[in-house]
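This report refers to the structure that appears directly beneath it.
For the numbers below, each heavy atom of this structure counts, side chains included, while hydrogens, waters and symmetry mates do not. Just so it is clear: chains get the letters A, B, ... in the order the sequence lines come, proteins before strands, and each one is counted from 1.
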Amino acid sequence: MIRDDLAEAVRSALVALAVEPLPEQVAMERPANRDHGDWSSNVALASAKKAGRNPRELAAQLVDHLNADLPAHVESVEIAGPGFVNFRLAPTWLHDVLTEVITEGEAGYAAPDVGGGKAVNVEFVSANPTGPVHAGHARGAAHGDSVARLLARTGHKVTREFYINDRGVQMQLYGASLAARKAGEEPPEGGYQGEYITDWAAGMPDDVDPVAWGEDRALADQREVLSAFGVDFDVWYRELSLVEAGLIEEALADLRERGVVYDADGATWLRSTDFGDDKDRVLVKSDGELTYLMPDIAYHRDKFSRADQLINIWGADHHGYVARMKAAMSALGHDPEELDVEIVQLVDLLKDGEPVKISKRAGNLIELRDVIDEVGADAARLTYLLQSIDSRQTVDLAVVASQGMENPVFYVQMAHARIHGIARRVVEAGVTRVPLADTDLSVLVHEREVELLRILSDLPDVVAIAARDRAPHRVTTWVRELAGAFHGFYHDCYVIGDGVSPELTQARLWLVESARIGLAIGLDLLGVSAPESM
RNA sequence: GCCCCUGUAGCUCAGCUGGAUAGAGCAUCGGACUUCUAAUCCGACGGUCGUUGGUUCGAAUCCAACCGGGGGCGCCA
């Protein structure tokens, strides 16, 4: 890669200039301002002090040294500002980028192996098995799945997991609600009021356990709608299976053995304050029942037996639970860093500017299915992945469903459709693409062409950073940039037609193909498909 | 009271492992279709990056305090 080549050239220049100590690494960055060249390094600024040099002088010496023997693709090296070393490159470096994209393809380009096969378990959604997946789960579903895609692309062995809370009083209430509706009665006090209860109860056979049947019914529904959303889990883990396997007792025994639990007030406590929590937590209540925490600890303990790294995607209303979960894992001897809890801030759902209230009790919840029906899975996913999960999001279904300019989904999908439009046009014209090796890429010098390639060259870094920071929205931002650059190219640079030489057509066909690959990689990471025509 | 997230253009948001005049879309105003989809492109307008200090050659970015917004603090799940 060009960046490594440039960094290496700078490093050997530093050595030649007897700079001591040598910096740990030579940072190369892309200046925001194009007047500052194609690549820039701040080494002179960063290492001058330690080396006892004047930054501006050091930079000048570096520039002289580099200009004396220019690295490949470099046209000139200049000093700027307080001591930046700026590289101005010939477009040929971008032609190398094009070749790299084409050669490595959809599977190979921008797939840095930073994971080294590390096993990562991503647990998300984990809705209660008492009803359909609702809109409140959607942002976490889109985010978790995209994080999983990013990790898989960057050399991790990924498991997508859904935890099923099928133990506890809510299941009894759920079963009783189904039974009541089937008998034509009102659900019990504190039961489930949703319309789906009546619908589902109508299909419930007479001779079944309403709780077990209801769980299966809910899970089938959840699985179906999540799949329609592009989210498929590898593991559906039932809390009851923890009980059946005796893993809860095992986990408690493990904690006792480690001396991190104690009995007080008739209850059993975890000494979580020893591990960074602000208070100790009850594991077994004085009435002998388990708290919610205990099975959760056993569950995470089991996940650690199956993976090196755990990632949990939780809603903002669960953030208070993070410290105690991490404390519990520390108590079990794990590095708290090995449990990464991602908190997804809430989504305010609007419809035509009016807030949509979600209340499970009242039963007026918006199902994920409704969102998909209304705006489509692609539009919904891209919308949820538009911004950082750290900030609260407002989603107006009317806007997402609209095909207007305020909707970025169509902008991106249009770019993809136009690429296929070109392909169709080329077929009509009877033109065939010659092999890349026989194509003269040096004709690609238009600012639009160059810009497209510059953006494509950023993708490997974007993917690496997005995976590291669990930040799929970085990919969204990049995809929108690429789409923008493509629309600009499409407008100004015809691939085929009068006034376009056969050589230029060939080069541009490969350029369009590289854009298609970039778009395909980005959209796949987001779990968004793109139509070939619109 | 304590904890987490957040405050960037009229609106919605990028940018945050510190870098050189802070970006995009929408909105407003003005331009561009005889050729691959004008669902597009180009230009203009628009910002003391919540406030005050600190660290640094350099801060939207790091640190502290304060102010504003959202969420959470159960022997509930």
Nearest-neighbour nucleotide for the [X] side chain, [options] considered:
X       : options                : answer
A417(A) : C41(B), U37(B), A20(B) : U37(B)
V495(A) : A77(B), C36(B), C75(B) : C36(B)
Y490(A) : G19(B), C13(B), U37(B) : U37(B)
M534(A) : G19(B), A14(B), U37(B) : U37(B)
R468(A) : A77(B), U17(B), C41(B) : U17(B)
R424(A) : U37(B), G19(B), C36(B) : U37(B)

Please report, rounded to the nearest Å, how far the [atom2] atom of [N] is from the [atom1] atom of [X].
X       : N      : atom1 : atom2 : value
M414(A) : A38(B) : CE    : P     : 6 Å
W478(A) : C13(B) : CH2   : P     : 24 Å
L283(A) : C76(B) : CG    : C1'   : 15 Å
D348(A) : C13(B) : CG    : C1'   : 15 Å
L386(A) : G15(B) : CG    : P     : 11 Å
L452(A) : C36(B) : CG    : P     : 19 Å
H491(A) : G43(B) : NE2   : P     : 12 Å
R474(A) : U61(B) : CZ    : P     : 16 Å

Polar side chain donor-acceptor pair, [X] to [Y], under 3.5 angstrom:
X       : Y       : answer
N407(A) : S402(A) : no
Q387(A) : S391(A) : yes
S76(A)  : E78(A)  : yes
K303(A) : N312(A) : yes
Q61(A)  : R53(A)  : yes
H487(A) : R418(A) : yes
E239(A) : Y292(A) : no

Whether [X] contacts [N] is assessed here as follows: a side-chain N or O lying under 4.0 Å from the phosphate OP1 or OP2. Is that the case?
X       : N      : value
R448(A) : U40(B) : no
Q170(A) : A77(B) : no
S391(A) : A14(B) : yes
Y494(A) : C41(B) : no

Would you mind classifying the nucleic acid contact of [X] as base, sugar-phosphate or nothing, using non-hydrogen atoms under 4.0 angstrom?
X       : answer
D396(A) : nothing
G421(A) : sugar-phosphate
I422(A) : base
H487(A) : sugar-phosphate
S388(A) : sugar-phosphate

Base paired to [N] (Watson-Crick or G-U; both N/O distances under 3.5 angstrom):
N      : result
G68(B) : U6(B)
U40(B) : A32(B)
C45(B) : none
A20(B) : none
C73(B) : G1(B)

B/S/- contact track for nucleotides 66-73 of chain B, protein heavy atom under 4.0 Å: ----SBS-
Answer yes if the ring centres of H420(A) and H416(A) are under 6.0 angstrom apart, and no otherwise.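 Judged by ring-centre distance (under 6.0 Å), H420(A) and H416(A) do meet the cut-off.
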Are F162(A) and Y237(A) an aromatic pair by the rule of ring centers under 6.0 Å? no
Does C41(B) count as syn, meaning its glycosidic angle lies within 90° of 0, or as anti? anti
Give me the distance, rounded to whole Å, that separates [N] from [M] when you measure between the [atom1] atoms they each carry.
N      : M      : atom1 : answer
U8(B)  : U48(B) : P     : 13 Å
U51(B) : U12(B) : C1'   : 24 Å
A22(B) : G46(B) : C1'   : 13 Å
G53(B) : U61(B) : P     : 14 Å
G19(B) : U55(B) : C1'   : 16 Å
A27(B) : C73(B) : P     : 41 Å
A59(B) : G50(B) : C1'   : 16 Å
A44(B) : G25(B) : P     : 12 Å

Pairwise side-chain contact, L62(A) with L14(A), heavy-atom cut-off 4.5 Å (strictly under):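 With C-beta onward as the side chain, the pair touches.
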Do V260(A) and D274(A) have side chains that get closer than 4.5 Å, going by heavy atoms?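 No - every pair of side-chain heavy atoms lies 4.5 Å or more apart.
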Looking at R167(A) and E215(A), is there a salt bridge between them, counting it only when a charged N and a carboxylate O are closer than 4.0 Å? no
Is it true that R30(A) and D38(A) have a side-chain N and a carboxylate O under 4.0 angstrom from each other? no
In terms of the nearest nucleotide of RNA chain B, which residue is placed more toward the 5' end: I343(A) or F84(A)? I343(A)
With nearest nucleotide decided by heavy atoms, which residue, D265(A) or A46(A), maps closer to the 5′ end of RNA chain B?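 The residue closer to the strand's 5' end, by nearest nucleotide, is A46(A).
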Verify the stacking flag for H473(A) against A14(B): centroid separation must be under 5.5 angstrom and the ring planes must differ by under 30 degrees. no
Output yes if the stacking criterion (under 5.5 Å between centres, under 30° between planes) is met for Y411(A) over the base of A39(B), else no.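 Stack criterion not met.
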Looking at E428(A), I want to see if its CD is surrounded by more than 12 non-hydrogen atoms of other residues, nucleotides or ligands under 6.0 Å. yes
Go through the N and O atoms of the side chain of [X] and the base of [N], and report whether any donor-acceptor pair is under 3.5 Å.
X       : N      : value
T291(A) : A77(B) : no
D296(A) : A77(B) : no
S286(A) : C75(B) : yes

Strand contacts (RNA chain B) in residues 47-58 of chain A, 4.0 angstrom heavy-atom criterion: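 Per residue number, the list reads K49(A).
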